[in-house]
Chemist: 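I'd like to ask you about the structure that follows.
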2 protein chains.
Amino acid sequence: MQVHKCSMTFDKEKSAGFLVNHMARLFAKGLQEKIAPLGIVTGQFPVLLELWEEDGITQKELLAKLDIEQATLANTLTRMERDLLIKRTRHPSDARAQQIWLTEKARLVRDQAYEAARQQNAAALVNLSEEERARFLSTIQKIIGTLRQNNAS
Amino acid sequence: MQVHKCSMTFDKEKSAGFLVNHMARLFAKGLQEKIAPLGIVTGQFPVLLELWEEDGITQKELLAKLDIEQATLANTLTRMERDLLIKRTRHPSDARAQQIWLTEKARLVRDQAYEAARQQNAAALVNLSEEERARFLSTIQKIIGTLRQNNAS
DNA sequence: TGGACTTGCATAGCTTGCTATGCAATATTA
DNA sequence: TAATATTGCATAGCAAGCTATGCAAGTCCA
């Protein structure tokens, strides 16, 4: 049955922004449950992804890879140090900068963390065809590109 | 050029969870800028959407429409009361419950808020074809359905 | 070489999400 | 009807995002 609504309404179930926010919260919740046993949390995940690729880099170099604000990263790093996931050492040739190093603890959970993320993605996309998944990811990438340009302007 | 990576890696640019999180932050940032002049913020938006449809309902009734936690809603309502967007009155027949009412201030910004959200959605989706947009929204709805089931289990 | 910019990072303070817990009012039941 | 359970909401405390600001170290010139 079709229900008529007056012209000045807003259907949140058809609003991209609303849906995207809802989906992101559900994704985060699922991932959180899966990585909690590893002693890491969702906000640390993107940072760890970069450091597992390469550590010993400075906060600034890390920041360049992340698209979060500098203050957000600084706070996340502080919590990661508290949780014994990283160590920070003075940069040898610039006393302002620090080098960020993974601890053994952080290295050890890498493969399990990758696996947890893969499982979360798989669980979320389980009802989609291979084609639908590919389209979905490519559309998101397009949108991110568009929005980044808007904000940068 | 194709670069080979060893099997145990994780490409965040192909990870649905990573991309969804990034996109959601960009959406929120864009909306925030557009509604700030109206004196409202992003977390209040879903609450307002429901109250613009119907106010005088209880917190519990509101909660049932929102898929956020009860504590999150209670805190958001407290800030909205502080910002003079709502009033809370005791429920006539249940002293535990409260009725939530929009203020005139909140009613006045409704149409502009709708318009801001529409513009944000339009800006984000501007590079997509009509078909791609429809597919995108429908895929998100599927994923939300899947993830909600997972969490509820 | 000293004063003025710039840079790298930290801190303060906010929002919006979460879990866990507390508490008074209501409902149920022995 | 008194004891118990449930319900509706608030509070505490944390994470992770943001903007704005501070500050020490480095750089650049006049």
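First the proteins, then the strands, lettered A, B, ... as listed; each starts at 1.
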Chemist: Look only at the side chain of W52(B) and the backbone of A106(B), and say whether a donor-acceptor pair between them is shorter than 3.5 Å.
Modeler: yes
Chemist: Starting from C1' on dT7(D), measure out to CD on E61(B) and report it in whole angstrom.
Modeler: 14 Å
Chemist: Let me know the distance between CG of D94(A) and C1' of dC23(D), rounded to the nearest Å.
Modeler: 14 Å
Chemist: Measuring from the side chain of A97(A) (C-beta onward, heavy atoms only), which nucleotide among dT15(C), dT26(C), dG8(C) has the closest atom?
Modeler: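 The answer is dG8(C), which lies nearest to the side chain.
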Chemist: Please determine if a side-chain N or O atom of R82(A) lies less than 4.0 Å away from the OP1 or OP2 oxygen of dA15(D).
Modeler: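 Checking R82(A) against dA15(D): at least one side-chain N or O falls below 4.0 Å of OP1 or OP2.
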Chemist: Does the side chain of R88(A) pick up a donor-acceptor pair with the side chain of T78(A) at under 3.5 Å?
Modeler: yes
Chemist: For the residue pair R79(B) and N75(B), confirm or rule out a side-chain donor-acceptor distance under 3.5 Å.
Modeler: no
Chemist: Salt bridge between E132(B) and K142(A), side-chain N to carboxylate O under 4.0 Å?
Modeler: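 Counted as a salt bridge, because a side-chain N and a carboxylate O are separated by less than 4.0 Å.
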Chemist: Reckon R88(B) touches a base, only the sugar-phosphate, or nothing at all at heavy-atom distances under 4.0 Å?
Modeler: sugar-phosphate
Chemist: Between dA10(C), dT7(C), dA24(C), which nucleotide has the shortest distance from any of its atoms to the side chain of R96(A)?
Modeler: dT7(C)
Chemist: Rounding to an integer number of Å, can you tell me how far F45(B) CZ sits from dT15(C) C1'?
Modeler: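 It works out to 17 Å between those atoms.
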Chemist: Could you check how far CD1 of I40(A) sits from P of dC14(D), rounded to whole Å?
Modeler: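 Atom-to-atom, I40(A) to dC14(D), this comes out as 21 Å.
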Chemist: Examine dT7(C): is either OP1 or OP2 under 4.0 Å from a nitrogen or oxygen in the side chain of Q59(A)? Give yes or no.
Modeler: no
Chemist: Looking at E81(A) and K87(A), is any side-chain nitrogen of the basic one under 4.0 Å from a carboxylate oxygen of the acidic one?
Modeler: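 Judged by the 4.0 Å cut-off on N to carboxylate O distance, K87(A) and E81(A) do not form a salt bridge.
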Chemist: Is there side-chain contact between L125(B) and L128(B), with heavy atoms separated by less than 4.5 Å?
Modeler: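 A side-chain contact under 4.5 Å exists here.
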Chemist: Scan nucleotides 16-19 of chain D against the protein and return all N/O pairs shorter than 3.5 Å with their distances rounded to 0.1 Å.
Modeler:
| from | atom 1 | to | atom 2 | distance (Å) |
| --- | --- | --- | --- | --- |
| dA16(D) | OP1 | T42(A) | N | 3.3 |
| dA16(D) | OP1 | G43(A) | N | 2.6 |
| dC18(D) | OP2 | E69(A) | N | 2.9 |
| dC18(D) | OP2 | T72(A) | OG1 | 2.9 |

